[in-house]
2 protein chains.
Amino acid sequence: MKLTQAEWQIMKALWKKHPATARQIMTRLPNGVSWAYTTIKTMLSRLVEKNAVGEQKRGNTSLYEPLLSQRKARLSAFTSMLDQAFDGATGPLVHFLLEEQQLTARQKRELIEKLNEESGK
Amino acid sequence: MKLTQAEWQIMKALWKKHPATARQIMTRLPNGVSWAYTTIKTMLSRLVEKNAVGEQKRGNTSLYEPLLSQRKARLSAFTSMLDQAFDGATGPLVHFLLEEQQLTARQKRELIEKLNEESGK
DNA sequence: AGAATTCTACTACATATGTCGAAGATACCA
DNA sequence: TGGTATCTTCGACATATGTAGTAGAATTCT
């Protein structure tokens with residue numbers, strides 16, 4: 001389930017708290033993003049189509065709920081980036097993470113800790 | 001410089017060896033991908049537009065050359081994924097990498113080694 | 001009840017992306 | 001030198017994506 005950029009915005013707002021109305025989602029969008037109400041409705045419809053979001057009506061208003069978890073969305077974003085740019089190989093990615101200073105010293109330390117924890121169990 | 005999926009295919013073929021003609025690129029595409037010659041030309045034109053690829057004519061034939069390095073392309077793919085799906089925070093990504101078994105035991109070991117090397121210097 | 005507000009369902013439209021085909025210019029081979 | 005293969009340039013078309021307007025139904029306020 002690959003989300004587009006705009007869809008990510010909607011999903012993030014929805015993951016924060018749900019179920020939620022389109023109106024609520026609108027208020028939760030990041031500052032830079034100011035979409036028309038109908039734009040949000042359109043995005044939601046498309047997400048419902050894709051089964052990434054569920055919709056139930058309460059009165060004349062729709063309540064939306066994520067069907068796609070953030071974890072899965074992330075996994076999908078990650079693996080598709082990995083396939084695309086690193087031919088699916090985590091090896092080069094790891095190399096890249098280290099070489100490109102994508103990790104701060106602190107993160108590296110934490111990473112080491114976690115890795116050690118894991119190898120310990 | 002964000003590349004689309006199709007553009008990645010072309011770039012990968014071009015990175016392998018360059019300069020290269022459209023025809024050569026065609027033969028280097030992965031097995032699954034069998035685009036018409038003109039499709040490849042179209043992709044190349046668009047990449048030239050974007051300054052990701054340079055073009056020089058030799059006779060009536062164009063020679064193409066990457067202007068965008070694989071490193072930069074990867075960096076861009078990575079950071080845009082990171083921004084999109086992990087709000088730009090490597091912390092959650094690292095967590096994710098470990099939790100989701102995205103790394104094999106061997107990779108984790110290597111990672112530890114590298115991290116240690118680094119912290120040592 | 002009538003007006004104002006808010007929703008939904010549709011439609012629309014621009015730009016991006018994936019994929020070519022056609023037509024004319026070039027190059028190469030018998 | 002004529003034919004055949006190959007290139008290039010343009011244009012085209014479908015689907016995806018971003019963004020929103022309109023019209024009519026439902027709800028709410030006064």
Side-chain angles (χ1 to χ4, degrees), chain A residues 1-14 19-65 68 73 76-77 80-81 83-85, chain B residues 1-14 19-65 68 73 76-77 80-81 83-85:
Chain A
M1 179 66 53
K2 185 138 167 75
L3 302 174
T4 70
Q5 230 170 315
E7 287 170 346
W8 266 96
Q9 298 297 151
I10 301 286
M11 291 307 288
K12 284 188 205 173
L14 191 51
T21 65
R23 192 61 68 178
Q24 291 171 323
I25 288 174
M26 184 154 66
T27 68
R28 289 184 210 153
L29 291 174
N31 262 354
V33 184
S34 57
W35 290 329
Y37 178 80
T38 50
T39 297
I40 293 169
K41 287 289 289 183
T42 299
M43 297 311 301
L44 282 167
S45 302
R46 290 179 184 172
L47 285 164
V48 169
E49 281 258 319
K50 292 190 184 184
N51 281 306
V53 166
E55 172 177 19
Q56 322 121 46
K57 310 220 166 183
R58 189 215 39 189
N60 80 327
T61 302
S62 285
L63 287 182
Y64 299 93
E65 179 133 34
L68 174 69
S76 157
S80 95
M81 184 280 292
D83 289 347
Q84 195 74 105
Chain B
M1 180 66 52
K2 185 139 165 77
L3 302 174
T4 71
Q5 229 169 318
E7 286 170 346
W8 266 97
Q9 298 296 152
I10 302 286
M11 291 306 289
K12 284 187 205 174
L14 191 52
T21 64
R23 192 61 67 177
Q24 291 172 324
I25 289 175
M26 185 154 65
T27 68
R28 290 184 209 153
L29 291 174
N31 263 355
V33 184
S34 58
W35 290 327
Y37 178 80
T38 50
T39 298
I40 293 170
K41 287 288 290 181
T42 300
M43 297 312 301
L44 282 166
S45 302
R46 290 180 185 171
L47 285 164
V48 168
E49 281 257 319
K50 291 189 184 185
N51 281 306
V53 166
E55 171 176 21
Q56 320 121 48
K57 310 221 166 182
R58 189 214 40 188
N60 80 327
T61 303
S62 284
L63 287 182
Y64 299 93
E65 179 135 32
L68 175 69
S76 158
S80 96
M81 183 281 291
D83 288 347
Q84 194 75 105

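Sequence lines set the chain letters: A, B, ... in the order given, protein chains first and strands last, and positions in each chain run from 1. In this text, all values refer to a predicted model and were calculated from it rather than measured experimentally. Every heavy atom of this structure was used, including side-chain atoms; hydrogens, water molecules and symmetry mates were not.
The heavy-atom pair separating B:A13 from B:R28 by the smallest distance is O-NH1, 2.7 Å. Minimum heavy-atom separation, B:Q84 to A:W8: CG-CD1, 3.5 Å. The minimum heavy-atom distance linking B:D83 with A:K12 is given by the pair O-NZ, 3.8 Å. When all heavy atoms of A:K41 and A:Y64 are compared, the closest pair comes out as NZ-OH, 2.9 Å.
Taking side-chain N and O atoms only, A:R23 has a distance below 4.0 Å to OP1 or OP2 of C:dC7. Contact check, A:K57 against C:dA9: a side-chain N or O comes under 4.0 Å of OP1 or OP2. Not one side-chain nitrogen or oxygen of A:S62 sits closer than 4.0 Å to the OP1 or OP2 atom of C:dC7. Between A:T4 and the phosphate of D:dG18, there is a side-chain N or O to OP1/OP2 separation shorter than 4.0 Å.
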Please enumerate all protein N or O atoms sitting under 3.5 Å from an N or O of nucleotides 10-15 of chain D, with distances to 0.1 Å.
none

Below 3.5 Å between N/O atoms, which protein atoms pair up with nucleotides 28-30 of chain D? Just atom names and distances, please.
none

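Residues B:S80 and A:M81 fail the side-chain proximity criterion, which asks for heavy atoms closer than 4.5 Å. A 4.5 Å side-chain heavy-atom check between B:M11 and B:L47 finds at least one atom pair inside the cut-off. You'll find the side chain of B:R23 reaches within 4.5 Å of the side chain of B:Y37, heavy atoms only.
A straight line from CG of B:L44 to P of C:dG18 spans 14 Å, rounded to a whole angstrom. In this structure, B:E49 places its CD atom 14 Å from C1' of C:dT17, rounding to the nearest Å. Atom NZ in A:K41 sits about 9 Å away from atom C1' in C:dA9, given to the nearest Å. The distance from atom CE of A:M26 to atom C1' of C:dC7 is 12 Å, rounded to the nearest whole Å. In this structure, B:Q56 places its CD atom 16 Å from C1' of D:dT8, rounding to the nearest Å. Distance CD1 (A:I40) to P (C:dC7): 11 Å, rounded to an integer number of Å. For B:Y37 and C:dA23, the OH to P distance is 19 Å, given to the nearest whole Å. Rounding to whole angstrom units, CD1 of residue B:I25 and P of D:dC7 are separated by 12 Å.
For the pair B:L63 and A:W35, nearest-nucleotide mapping onto DNA chain D gives the more 5' position to B:L63. Mapped onto DNA chain C by nearest heavy atom, B:T39 and B:K50 fall at different nucleotides, with B:K50 at the one closer to the 5' end. Both A:A6 and A:N60 lie close to DNA chain D; mapped to their nearest nucleotides by heavy-atom distance, the more 5′-ward contact belongs to A:A6.
Within the nucleic acid shown, A:T61 comes within 4.0 Å of sugar-phosphate atoms alone, with no base atom in reach, counting heavy atoms only.
Note on the helix from C:dA1-D:dT30 to C:dA30-D:dT1: angle between the axes of the first and last five pairs equals 0°, rounded to 10 degrees.
For CD of A:Q56, the number of neighbouring non-hydrogen atoms (other residues, nucleotides, ligands) closer than 6.0 Å is greater than 12. Within a 6.0 Å sphere centred on CD of B:Q5, other residues, nucleotides and ligands contribute 12 heavy atoms or fewer.
Side-chain atoms of B:S76 come within 3.5 Å of backbone N or O of B:M1 as a donor-acceptor pair. Panel note: side chain A:Q9, backbone A:A6; no donor-acceptor pair is recorded below 3.5 Å.
In this structure, the nucleotide among C:dT17, C:dC20, D:dC7 sitting nearest to the side chain of B:A36 is C:dC20.
Results of the side-chain contact (heavy atoms from CB on, under 4.5 Å) test with A:L68 over A:N51, A:V53, A:L3 single out A:L3 as the only residue that passes.
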